[in-house]
Each structure stands twice: as C-alpha cells, then as structure tokens.
Chemist: 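I have a structure here, written as structure tokens, and I will follow up with some questions on it.
As the structure is a prediction and not an experimental result, all values here were calculated from the model. Just so you know, ligand 1 is whichever comes first in the structure, and atom 1 is the first atom listed for that ligand.
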Amino acid sequence: MNMEQLEAPVPDGAPHGVWSINTERLPSGELCVAGVPVGQIAQEFPTPRFVLDANDARSRARAWKEAMDQAFADLAGAHVYYAGKAFLSKAFARWMYEEGLHIDTASEGELVTALAGGVPGSACGLHGNNKSRAEIERALREGVAHIVVDSLAELEFVNVVAQENNAVAPIYLRLTTGVHAGGHEFIATAHEDQKFGLSVTTGVARQAMARAHELENVQLIGLHSHIGSQISATEGFAQAAQVIFEERVWAHEQGIAINEIDLGGGYGIRYTAADDIAPSPREFARILAQVVREHVEKTGLPAPLVSIEPGRSIVAPAMFTLYTVGTVKDVAIDSGVRTYVSVDGGMSDNIRPALYEADYTAALAARNSQAPTQRCRVVGKHCESGDIVVRNVALPSDIHAGDLLAVPATGAYGRAMASNYNMLPRPGVVAVEDGVLTELIRSESIDDLLALDQDQQ
Ligand SMILES: *Cc1c(COP(=O)(O)O)cnc(C)c1O
C-alpha cells in the first residue's frame, strides 16, 4: 500500500509531529492508525472517541527512560515517573511500568488505578497539595516510594497519620524555587502567589527540612520541584535544579542527608505545526545530568538519585480524538466568513481550549477532498459559546455532516479532564497496536449517568 507518512521522524530519534508515529494517510484520504483505518474504528467504536496509538506512547516512554538511564549512568541513576494525571487507565499504567517507568499519582483514585493495573506501590509516588487521611493511609499501606509533602501543615499531618499507623512515611518536600516556565520563557520570581509547595525564598523550605528531620514518623529522602507545563526550553529546569541543590547543600550542612531529587514534569509537545519543537528527551536528560554533575563536583556530596515526571510529552501526541461532523454554518465576520463546523463532543472531552486558550488542529479523517480550503472553527455541541475545539483551521469547503474529523494531540488532559456537562456521556478510549483494537475505557452511556441519580419516583 502506498501510504503517506504524516510526520517524518527527525534527527535525535524524537518524533515531533502533531500526529502519532503510526498514523498514516491512505491513498483514499482515510487516516489509518497502526494498520486500522479510522472508518473501521468508528464502526466498531462510535464517535466521539479517543484513539490511542499504543506503540507511540510506549516508545515515547521508552525514549525518556533510555535517555535518563544513559545520561545518569555515571551518576546515581535516574527514575522516570509517568504523571498519571495526564491520562490513566489500568492497562496504560501497566504499559508504562513495563517500559521501566514508575507512576506519579495525585489522588487515591489515581493510585488505585495504577495498583489495579498491576503496578506495585513501591513504583508509585503520591502528590497533591491537600491529601486526605485516606490517601495518606492508602499510600503507606501500599508502600509507595514517596509521598510528596506540600506544606508545613501537611508535614505534621503525614507524621501523625504515619504514627497512628505504626509507619514511617518516606517523603519528598515540594519546594517552590521561584522559577516558572512555559513555552520558551522562564521567569524567576521571589514571591510565589500560588498554592503549591514550600517557598525557598521565604525560608519555609528550610524550616520544613529541619522539622522533617526532627519528626519520628517521616523520613525525608528527597526534594521536589515542578516549574510548569508545556515547556520547550531547558533553561528553566537547569535554573530550578540549581536552586534545589543550594537547599540540599544547606541541609547537608545541618546534618540532614538528602539523596533524591525530583525535577518534575512539564516537557512540551507540538499541538499544531506552528508550535516550537521541544528539545528531545536525550537533550533534556543531557542538560539535567550536566547540572547534577557540576553540583556533585563542586560540593563533593554524593550524586543524588534523580527523577523526572513527564506526562503530556508521553501521552499527548499518542492520541487523537475522532469526531463526527454535524451542523456546518457560515457566519459573517469583519474579515469575511468563518465556517463553524460542529462536532459530536466538545468542551466535555477537551476543556483545554476554554481553560487555557489552547490551540489544536484538525483534519478531515476519512476521505480526500479536492475542494479549496476555507477558514473554519471547530466547535462542540455544548450550551456555551466558548465551547471551541479548534479556534482556527483550514478545512475543505465541502466538509459536511457525517464526515469524520480527527483532532490530534489530545492524549493528555483530554479524557482526564472530561466532564458530563450537558449530561453528555464521556467518550471512551480505544487503543490500536499492530492492527488490533483494544478498548481501554468504554464510553459512558446515559444509563451510567442516570445510575448516579438517586430519585426513586
Ligand atoms: C502536572 C504535573 C506533572 C506532569 O506535567 P506534564 O506537563 O504533563 O509533563 C508532573 N509533576 C507534577 C508535580 C505535576 O503537577
């Protein structure tokens, strides 16, 4: 078959396309994922639907693991925690674990999902700025690798809960380094007006380290930093690591040995062709290892075990959303006409455009068209004018009801942030690998939603 590769691989082995690596376009114009045409997927699994290129996600996970292992081979090694909040199902957690990753969870539900998928507790971390007693107890019972403590109050709380359970909680402290990054920029600010972490600038971070050292039922093993999301430059990470290392040096001077460092997630991807190409996992790993090496050489402290927590960069490009087009409407605007293309989902399966003004692209998925393109906006079916899926995209002017439309790079924070607004059932996720379809999460039905309703009439 003469298939067109939608995105060519790039140097450094890192695919940078907005489509997953096994997505191709057949001569008929139909998109085909890992050997399965989208028409067949939509037949078996009606739209809207998240379609996961399983091999793509696995290979991105592997790329991070290999890059970190290689870069930190001469130091104390590295762990890669997949940030489960980006997208989690039992099978997906297991696949990440099979690729050598650990799983970051931020709630009891995420932790239980990873465990149910066969990931041992010792390969999970627990995050969150407001953990419940049940979450802490579950984490202790399951023997998680670490609980990331977010505040002085939580430090005391974790200690009490651990004491009541005759346990010692292995903890990281989440520090705010003053470094924030996103896209190409990073900013360093002294005061942090946000809910996460223990401030380095105000000295609360050191207060927490000293207090953790005193407490009997926590064991301070690591320091954590997460500087932001969708970052396509390395400088912010290096800057934050340096701040964390200064804190580590201070701790060692006080007799508090801290030998693990977690530099968080936030590695960027391309949502549209206009987005920057982020450095490859190999490049990120190289820069991080360089900062760690300099710190070790300068201070003579033992090399720390280093973790990172990528979510988006593993799962976002591996999935697209398949929709069916419904109403198509031309609307006069100042500069001419905009065509509104409505699909059978919307902000309930992708809140990111409404929440962050995120940009996506879209493609006619099941046929070729010779028609000229026109300026389109892809919108959902919700009662909200901000219910936009793709703000601006050129689509063939003969697009019509019944066409399949694919929106790429929806794997992260799509299904995970889905809602039932307008009582829409949330779409399921079907994985494709080597021509085989596997349903990871089934679509909800209206009966599922009504099952929650306790009215007895
Ligand atoms: C959200 C988050 C991540 C993952 O971020 P991505 O942008 O998906 O890579 C990692 N660590 C922490 C603490 C987070 O809050």
Side-chain angles (χ1 to χ4, degrees), residues 14 57 60-61 63-65 67-68 78-88 92-93 96 101-107 110-111 114 124-131 135 139 144-151 154 171-177 179-184 186 192 194-198 222-234 236-237 240-241 244 260-271 275-276 278-281 284-285 288 306-319 350-352 355-356 358 409-417:
R60 288 176 205 272
W64 276 114
K65 180 67 182 143
M68 291 297 285
H79 285 160
V80 179
Y81 280 77
Y82 167 67
K85 71 178 188 201
F87 169 72
L88 204 60
F92 197 81
M96 293 297 105
L101 276 64
H102 293 193
I103 310 291
D104 247 338
T105 64
S107 69
E110 287 182 6
L111 177 58
C124 296
L126 180 67
H127 267 285
N129 67 304
N130 186 24
K131 299 169 196 74
E135 283 168 333
V144 299
H146 52 254
I147 297 173
V148 183
V149 170
D150 194 83
S151 63
E154 191 176 74
I171 62 162
Y172 283 9
L173 293 175
R174 178 167 177 168
L175 308 189
T176 42
T177 58
V179 178
H180 300 275
H184 251 329
F186 80 88
E192 313 222 26
Q194 51 115 339
K195 72 173 184 174
F196 292 112
L198 294 146
L223 299 179
H224 175 279
S225 154
H226 174 74
I227 58 171
S229 244
Q230 182 57 4
I231 303 163
S232 56
T234 56
F237 291 97
I244 293 286
E260 300 188 19
I261 299 292
D262 189 324
L263 296 171
Y267 309 95
I269 66 129
R270 282 171 92 217
Y271 285 97
D275 287 341
D276 296 324
S280 65
F284 271 120
L288 296 181
V306 174
S307 295
I308 56 166
E309 308 171 327
R312 180 195 318 270
S313 64
I314 290 172
V315 74
M319 247 190 254
N350 191 352
I351 191 68
R352 293 190 67 259
L355 200 55
Y356 313 118
T410 56
Y413 310 107
R415 181 58 178 75
M417 286 187 170

Chemist: At under 4.0 Å between heavy atoms, which part of H226 makes contact with ligand 1: side chain, backbone, both or neither?
Modeler: side chain
Chemist: Backbone or side chain, does any N or O of R312 fall under 3.5 Å from an N or O of ligand 1?
Modeler: yes
Chemist: So does T176 get a backbone contact from the side chain of S225, meaning a donor-acceptor N/O pair under 3.5 Å?
Modeler: no
Chemist: Would you check if there is a donor-acceptor pair between the side chains of H180 and E192 at a distance under 3.5 Å?
Modeler: yes
Chemist: Would you mind running through ligand 1 and noting each atom that sits below 4.0 Å from a heavy atom of H127?
Modeler: 13 (C)
Chemist: Who's the nearest protein heavy-atom neighbour of atom 14 (C) of ligand 1, and how far?
Modeler: K85 NZ, 2.9 Å
Chemist: May I ask you to list the atoms of ligand 1 that are less than 4.0 angstrom from any heavy atom of G265?
Modeler: 9 (O), 10 (C), 11 (N)
Chemist: Is it true that E154 and K131 make a salt bridge, defined as a side-chain N closer than 4.0 Å to a carboxylate O?
Modeler: yes
Chemist: Do any N/O atoms on A83 end up under 3.5 angstrom from N/O atoms on ligand 1?
Modeler: no
Chemist: As an exercise, identify every atom of ligand 1 less than 4.0 angstrom from a heavy atom of G311.
Modeler: 6 (P), 8 (O), 9 (O)
Chemist: Within ligand 1, which atoms have a heavy atom of E309 less than 4.0 Å away?
Modeler: 3 (C), 4 (C), 9 (O), 10 (C), 11 (N), 12 (C), 13 (C)
Chemist: Which atoms of ligand 1 have any heavy atom of Y413 under 4.0 Å away?
Modeler: 1 (C), 4 (C), 5 (O), 6 (P), 8 (O)
Chemist: Treating H127 as the side-chain partner and N129 as the backbone partner, does any N or O pair qualify as donor plus acceptor under 3.5 Å?
Modeler: no
Chemist: If you count the atoms of ligand 1 from 1 in the order shown, which ones are under 4.0 Å from a heavy atom of H224?
Modeler: 13 (C)
Chemist: Hey, can you tell me if Y267 and F284 have their rings parallel, tilted or perpendicular (30° and 60° cut-offs)?
Modeler: perpendicular
Chemist: Applying the side chain to side chain contact (heavy atoms under 4.5 Å, CB included) test to S307, which of L263, D262, V80 qualifies?
Modeler: D262
Chemist: Verify the distance criterion only: is there a donor paired with an acceptor across the side chains of E260 and H146 at less than 3.5 Å?
Modeler: no
Chemist: Is there a heavy atom in A412 that sits closer than 4.0 Å to ligand 1?
Modeler: no
Chemist: For S229, is at least one N or O under 3.5 Å away from an N or O on ligand 1?
Modeler: yes
Chemist: What atoms of ligand 1 come closer than 4.0 angstrom to any heavy atom of R174?
Modeler: 13 (C)
Chemist: Look at the side chain of N350 and the backbone N and O of R352, then say whether any donor-acceptor pair between them is shorter than 3.5 Å.
Modeler: yes
Chemist: For the residue pair R312 and Y271, confirm or rule out a side-chain donor-acceptor distance under 3.5 Å.
Modeler: yes
